[in-house]
Structure formats: structure tokens, C-alpha cells
Asks: 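Provided herewith is a single structure, encoded as C-alpha cells, for subsequent inquiry.
A, B, ... follow the sequence lines: proteins, then strands. Residue 1 opens every chain. Please read all numbers here as calculations on a predicted model, not as lab measurements.
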Number of protein chains: 2
Amino acid sequence: MPPRKNQPSASPAPAVSMADLARELGVSMTTISRALSDHHSIGAATKQRVLKLAKKLNYQPNHLAAALRKGQSRLLGVVVPYIEGKFFPSVIQGIEQAASKAGFSVIVCQSHEDVQLERRNVETLLNARVAGVLVSLARNTREFQHFDKVRSRGIPLVFFDRIPPGELVNSVVLNDYQGALQATSHLLEQGCRRVAHLAGPQHLNIYQQRRQGYLDALAAHGLSAPEELVIYSDMAVEDGAQAMRQLLALPTPPDGVFGAGDSGILGALQVLKRQGIRVPQDVALAGFSNEGFTAITEPQLTSVDQRCEEMGAATVRLFLELATAPDAPFAQRQVVLQPELFVRASSLHQTLERV
Amino acid sequence: MPPRKNQPSASPAPAVSMADLARELGVSMTTISRALSDHHSIGAATKQRVLKLAKKLNYQPNHLAAALRKGQSRLLGVVVPYIEGKFFPSVIQGIEQAASKAGFSVIVCQSHEDVQLERRNVETLLNARVAGVLVSLARNTREFQHFDKVRSRGIPLVFFDRIPPGELVNSVVLNDYQGALQATSHLLEQGCRRVAHLAGPQHLNIYQQRRQGYLDALAAHGLSAPEELVIYSDMAVEDGAQAMRQLLALPTPPDGVFGAGDSGILGALQVLKRQGIRVPQDVALAGFSNEGFTAITEPQLTSVDQRCEEMGAATVRLFLELATAPDAPFAQRQVVLQPELFVRASSLHQTLERV
DNA sequence: TTGTACGCGTTATCAG
DNA sequence: CTGATAACGCGTACAA
């Protein structure tokens with residue numbers, strides 16, 4: 001018995017192509033193509049015949065070939081810093097939904113907060129001839145040449161949430177300023193008189209905006225923010241804890257804290273509870289992002305919701321506009337979403353005081 | 001008025017192709033191709049010349065064309081029920097990392113727990129000529145014909161976590177039984193004598209396994225589980241709360257609870273605290289999934305970690321094996337990952353009693 | 001309304 | 001070792 005190395009037992013199973021349909025029906029491929037793409041120059045009868053056979057043979061278009069021909073695919077490239085936590089998965093969720101509704105699939109790449117990787121991701125997407133590139137910048141991205149290639153190939157480029165500062169780009173962002181303004185105002189209206197701020201890295205525009213919203217809310221209430229009440233960090237849990245300790249060591253500690261991120265506020269909360277300081281009676285808290293855990297802590301945390309799904313949907317909508325608009329490269333559009341403040345126990349002075 | 005450098009529509013900026021390199025160097029495209037793909041039949045000198053020019057002109061290969069020619073792309077299709085929460089993002093994270101290391105990009109599709117959508121997703125991926133399909137089933141998927149097309153095209157198909165029951169498929173799963181066994185044994189070793197179980201829907205194999213692990217752990221300690229100590233639900237937070245109330249109403253309430261999911265255990269914890277019952281002194285708790293919030297609750301929750309990233313990595317590894325193995329369609333491989341118990345305060349009797 | 005022929009960028013086969 | 005040539009599947013001027 002001869003040893004069989006290449007056994008053909010599993011038929012390589014051919015995908016049925018337009019040529020197959022053409023041969024079967026005795027017409028040209030052009031006719032097939034027109035019937036399938038609903039072209040106007042086609043007889044109604046012929047069209048029906050083609051469509052019928054296509055269904056019968058379960059014809060599936062080869063997107064690759066079409067993409068090669070037309071120079072681009074029905075793929076949307078997305079670059080995000082990471083996909084853990086709540087924010088980016090939710091945004092991607094929104095992107096995915098809107099994209100698939102418009103007939104696009106989505107490729108997701110992570111930059112892991114690394115410009116190098118971000119650069120490579122963009123290359124990868126261009127090589128895949130994506131129809132559009134949707135980006136949220138890595139934390140340490142300071143120069144943006146790698147995106148010029150995208151634009152110069154005429155591929156729609158939309159930034160969301162983390163956008164290049166001061167650049168004229170297509171972008172979808174949350175009104176971080178407004179969110180911070182709301183949150184801080186809320187704290188003041190609850191009776192806080194010394195509100196501190198846990199600020200994030202100021203080279204990221206979102207953290208700039210949040211800080212400014214905080215400052216302006218104070219100003220609107222006739223208050224100014226002493227230097228020592230604004231503490232800068234990367235907003236991790238431990239950063240927030242550290243910041244809170246620092247604030248408590250002040251001659252006059254704050255009676256309210258607005259954090260530019262929920263993790264930082266969580267750290268602050270832990271420190272406060274550990275030291276027996278009551279929340280919200282002694283110190284009220286409000287954060288940013290409306291992370292899942294804000295509804296789990298005790299007390300639950302007031303936070304600004306970022307409308308994640310909507311941001312994703314808006315990003316895709318903007319892409320679609322650019323993809324169809326003839327002057328796409330010239331019009332740089334900005335979309336600004338309004339945040340929503342979720343008020344929970346950590347900032348409700350009166351209510352909790354009654355308990 | 002600044003000079004405008006970026007005028008994409010004016011200069012649609014063609015990507016440089018192999019033909020360009022060939023023309024420039026006065027050699028044939030074949031030579032270019034060989035130089036770039038590190039073929040053996042190529043002069044070292046020629047190769048260097050080609051590579052140098054490629055760098056200089058910033059040549060980027062057109063994956064689409066290569067894919068068309070070879071019949072498949074360097075894309076990996078992933079179908080998951082959803083991408084919210086912790087589990088699937090983490091698994092995708094693992095997939096992404098392993099995939100990109102092997103030179104593959106990832107397309108993520110969501111089935112939204114709907115077979116119809118799952119079917120369409122699979123079609124989409126096949127149309128994109130992906131190199132492999134990685135699937136975690138929708139909750140209500142009971143028949144699996146749509147996956148036959150994948151196999152019959154000779155495309156590697158790997159299921160992870162949610163796999164078809166009783167089918168012979170390539171799969172990567174967690175040893176849920178082992179995890180439940182560990183968690184329950186741990187509670188018993190901490191001194192619990194009446195351990196209850198919050199069980200999940202029993203038509204899902206993972207919840208069956210977890211229940212069985214619980215039962216066997218009891219048996220191994222010479223205990224049997226009274227009917228009333230096992231409560232079935234969908235394991236949402238409120239389900240867990242309801243179940244806990246039910247358990248507390250028993251003539252002899254439990255002194256430990258193992259939940260088949262962290263959300264359920266969270267609900268239980270909230271009820272216990274509200275009723276002034278101490279955790280872990282009066283009732284010890286252990287959950288499953290090691291969700292992010294387990295480190296945030298007070299006390300922190302003991303939980304079984306599902307090795308999410310590793311599951312993703314293992315899934316890709318299995319795909320790579322199948323992609324290279326000649327007998328791929330015939331060998332159906334199963335990979336079983338060992339879970340890891342993260343012990344936290346909610347189950348540490350002695351330690352906390354000292355405090 | 002339909003068919004012919006070519007090109008998208010790459011790889012595989014065969015000749016030299 | 002190198003080169004010419006033919007596919008891969010589809011879209012689209014151009015001709016009929």
C-alpha cells in the first residue's frame with residue numbers, strides 16, 4: 001500500500017465566482033456584474049435569471065477582488081490605545097453597529113499607548129486598503145506624520161476622543177469642558193465650598209478641558225481655585241489615593257473633590273473611608289467616565305457619562321459623510337457630544353444627611 | 001495664508017507598487033517579488049539593491065492583491081456574543097496580541113447573542129477571505145450548519161469558551177469544573193460547614209461544570225448538598241440578591257456561598273451587608289470570573305480567574321497549528337486551560353477574624 | 001441591452 | 001539565478 005501524502009479526501013471546496021454564473025447562464029460576466037450591482041443597463045428578465053441562479057448556487061462576492069479593482073475595501077480600520085475597561089469597548093460597540101449597518105466591517109488595532117505601535121497599526125491598515133481610519137491617539141503621541149499618509153491617499157481620517165491638539169482634523173469628541181463644568185457646579189450647589197480637582201496629564205486635551213471646566217465652574221460661583229487644590233497625576237487608582245492623602249494634609253482640606261477620571265476618585269474614596277472621613281457628608285466626590293464600578297462602591301459615585309456608543313456611531317457617520325462628499329479632504333468637521341451627569345450618593349449632601 | 005501641502009484630491013498619491021520598483025531598477029517583477037519574499041533563487045547583490053530601493057521609496061505591499069492571488073488573506077475573523085464586560089475584551093486582547101505577533105490582523109464581529117447575526121457574521125468573514133475563524137457561540141445557537149461552509153472551504157475553525165455541545169470541534173475552554181472545585185474546597189478549608197451555590201442556567205455547559213465542581217468538592221469533604229442550598233438563576237446582580245435573601249430565610253442559613261458568577265455574588269454581598277451580616281466571619285463568599293469589581297468591593301471578593309488573555313492566545317496558537325498542519329480538517333484538537341483562584345478577603349476566615 | 005478586453009498588484013509556473 | 005506570462009475575481013471603458 002503506497003503511502004499517501006497528499007490525500008484529496010477533503011475537497012478544497014471552490015467558492016462560486018461570477019465566471020461560474022456566466023458560464024452556467026451562457027451570458028457574459030459583464031451581465032452578471034451588472035445584475036448583481038443593480039446597474040441600470042440591464043434587462044429585467046436577465047437580471048432575475050441571474051439573481052435566481054446566484055441564490056441557487058449560493059454565490060458570495062469576493063470582496064478582495066472588488067477591493068483590489070476599486071483600490072479600497074469595505075473595511076474600516078480602528079486604532080485605539082487599548083480595549084480594556086469600559087470606554088473603548090463601548091465606543092467600538094457603537095462603531096461596529098453603525099458600520100455594519102452601512103455594510104462595513106471593522107478591524108480593531110491596539111496601540112497599547114505606544115506611538116511606535118500606533119504607527120505600525122496605521123501602516124497595517126493602509127496595507128489592508130481600508131476605506132477609512134478611525135483613531136483615538138496613544139497617550140504619548142506628540143507628532144502626527146504617520147497620519148499624513150492616510151490623508152494623502154485620500155482615505156477619510158477621523159479622530160475620536162483623543163485628538164491631536166490644535167490640529168485641523170475631523171474629530172468627534174465629548175464636550176469634556178461642559179461635563180466638568182456640570183460636575184463641579186453640582187458639587188458647589190450641594191454645598192461644597194472648597195472643591196479640589198484631581199487633574200490628568202495636561203498634554204491630553206481632554207484633561208485640559210476638564211480642568212478648565214472645573215476652574216470656570218468655580219469662577220462662576222465667585223470662587224477661585226488655590227494652587228494646592230489641583231493635583232496632577234495619571235489618574236490611576238493609586239494616584240488618586242496619593243492625591244487624596246496630600247489634600248487631607250492641607251491646613252484646610254477640601255470638602256469636595258472632582259476627579260478627571262473615575263479611577264482616581266475611587267482611590268480617593270478608599271483613602272477617605274480608611275481614615276473614617278464620611279462621604280459625602282465630610283467630603284463629596286464626583287468623577288468622570290461613569291465606569292461600571294461607580295454603581296458598586298459605597299457610596300455609589302457621581303460621574304460624568306461619556307456617551308460612548310453614541311461617540312462610536314457619530315464617528316462612523318462622519319466617516320460616511322467624508323467618504324461620499326467630493327470635497328472630503330478639505331472640509332474638516334468637528335462633532336461635539338454633550339455629556340450627561342449621573343448623580344449618585346457620593347455627592348448628595350442633603351439626601352444622605354437625612355439617613 | 002499658509003501654503004497648503006495636503007491636497008489629497010489634487011494628488012491622490014498612488015501607493016508605490018512592485019512594478020514601480022521593477023521599472024526603476026530595470027529588472028523584472030519576478031525579481032522584485034523574490035527579493036521581497038526572501039526567496040532562495042535570488043542573487044545577494046540584486047536582493048540588496050531591491051530592498052534598498054524599497055525602503056527608499058517606502059514601498060508597502062498590497063495585501064489585497066496577495067490575498068486575491070493566494071486565495072486568502074492575513075486576516076483572522078473573530079465572532080463573539082458581545083464585547084462589553086471584562087471577559088470578551090480580555091480574550092480579544094489575547095487574540096490580538098498573539099495574532100499580530102504572527103503577522104495577522106483581526107476582524108471582530110458581534111453576534112449580539114443572535115444566531116441570525118452569527119450566521120451573517122460568518123458569511124461576511126468568508127467573503128473577506130479570512131485565514132481563520134474563531135468563534136464563541138451565541139447563547140441561543142443550537143444548530144451549526146453555518147460553520148460547515150467554513151470547514152468545507154478548508155479554513156481553520158476554532159471555538160473558544162462557548163463551544164458546540166457534544167460536537168467534535170477544535171476548541172479552547174476553561175476547566176470550569178476545576179475552578180468550581182478549587183473555590184468550593186477553599187471555602188470548606190476556611191472552616192465553612194454549610195456552603196450554598198448560586199447556579200447559572202444549566203443548558204450552558206459552563207454552568208453545569210461549575211455546579212458539578214461544587215457538588216464534588218462537598219462530596220470530597222464528606223458533605224452532601226441539601227437541595228435548598230442550590231439556587232438557580234441568570235446570575236445578574238439582582239438574581240444574586242434575591243437568592244441570598246432566600247438562603248437567609250432558611251432555618252439553617254449557609255455560612256459560605258460559592259457563586260457561578262461574580263455579579264450574583266456581588267448581589268449577595270450587598271444583601272448581607274445591608275442586613276448587618278459580617279463577611280467573611282458570618283458568611284464567606286467566592287465567585288467566578290474575577291471581574292474588575294472584585295477588587296473594589298468591601299471586603300474584596302475571592303474569585304476564580306478565567307485566564308482570558310491566555311485563552312485568546314491559545315485560540316490563536318491552535319489556529320496557527322491548523323493552518324500549517326496538512327491534515328487540518330481531520331484532527332480536532334481540544335485545549336483545556338486551568339483556572340486560577342484569586343483568594344481575597346471575602347473568604348479568609350482566620351485572617352480577618354484577627355483584625 | 002449586451003459582450004470584449006483590459007487592468008488592479010501579486011504570486012506561481014515554466015523557460016531560458 | 002532571472003524573466004516572461006498567466007492567473008486570482010471583479011469592474012468598467014469601449015465597441016457592438
Asks: Of the nucleotides dA12(C), dA4(D), dG9(C), which one has an atom closest to the side chain of S28(B)?
Replies: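 Closest of the options to the side chain of S28(B): dA4(D).
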Asks: Check whether the side chain of R34(A) and the base of dG3(C) form a donor-acceptor pair under 3.5 Å.
Replies: yes
Asks: Select from A65(B) and H40(B) the residue whose nearest nucleotide in DNA chain D is closer to the 5' end of that strand.
Replies: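 Here H40(B) is the residue nearer the 5' end.
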Asks: Can you tell me the distance, in whole Å, between the CG atom of L36(A) and the P atom of dG11(D)?
Replies: 8 Å
Asks: Under a 4.0 Å N-O cut-off, is there an ion pair linking K47(A) with D38(A)?
Replies: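 So K47(A) pairs with D38(A) through a salt bridge.
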Asks: Without decimals, in angstroms, what is the distance between R23(A) CZ and dG9(D) C1'?
Replies: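 Distance check: R23(A) CZ to dG9(D) C1' gives 13 Å.
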Asks: Please state how far atom CZ in R49(A) lies from atom C1' in dT1(C), giving the value in whole angstrom units.
Replies: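 Rounded to whole Å, this separation is 13 Å.
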Asks: Whole Å only: how far is the CG atom of D20(A) from the P atom of dG9(D)?
Replies: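 So the CG-P distance, D20(A) to dG9(D), works out to 8 Å.
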Asks: CG of L68(B) versus P of dG11(D): gap in Å, rounded?
Replies: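 About 12 Å, once rounded to whole Å.
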Asks: Could you tell me the separation between the CG atom of L64(B) and the C1' atom of dC8(C), rounded to a whole number of Å?
Replies: 10 Å
Asks: Does the side chain of Q97(A) come under 3.5 Å of the side chain of E309(A) through a donor N or O and an acceptor N or O?
Replies: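 The answer is no; no qualifying pair exists.
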Asks: Would you say T31(B) reaches dG3(D)'s phosphate, i.e. side-chain N/O to OP1/OP2 under 4.0 Å?
Replies: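 Affirmative; the distance criterion is met.
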Asks: Side chains of Q60(B) and E123(A): do they bring a donor and an acceptor to under 3.5 Å?
Replies: yes
Asks: Compare the minimum distances between each of dC14(D), dG9(C), dG11(D) and the side chain of M18(A), then state the nucleotide with the smallest one.
Replies: dG11(D)
Asks: Would you say the side chain of F88(B) lies within less than 4.5 Å of the side chain of F160(B), judging by non-hydrogen atoms?
Replies: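 SC-SC contact between F160(B) and F88(B) confirmed.
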Asks: Checking Q110(B) against Q93(A): is there a side-chain donor and acceptor pair closer than 3.5 Å?
Replies: yes
Asks: Using a 4.0 Å heavy-atom cut-off, does T46(B) contact any base of the nucleic acid, only the sugar-phosphate backbone, or nothing at all?
Replies: sugar-phosphate
Asks: Would you say Y59(B) reaches dT10(C)'s phosphate, i.e. side-chain N/O to OP1/OP2 under 4.0 Å?
Replies: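 Affirmative; the distance criterion is met.
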Asks: What's the CG-P distance between L21(A) and dG3(C), to the nearest Å?
Replies: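 In whole Å, dG3(C) P lies 14 Å from L21(A) CG.
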Asks: Output the rounded distance in Å from CZ (R129(B)) to P (dG9(C)).
Replies: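 Going from CZ in R129(B) over to P in dG9(C) covers 20 Å.
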Asks: Identify which nucleotide among dC10(D), dT4(C), dG11(D) has an atom closest to any side-chain atom of S17(A), counting heavy atoms from C-beta outward.
Replies: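 Within the option list, the nearest is dC10(D).
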Asks: Between the base of dT4(C) and the side chain of T30(A), is there a donor and acceptor pair under 3.5 angstrom?
Replies: yes
Asks: Need one value for I42(A): base, sugar-phosphate or nothing, where a base atom within 4.0 Å counts as base even if backbone is also close, heavy atoms only.
Replies: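 Sugar-phosphate, no base atom in range.
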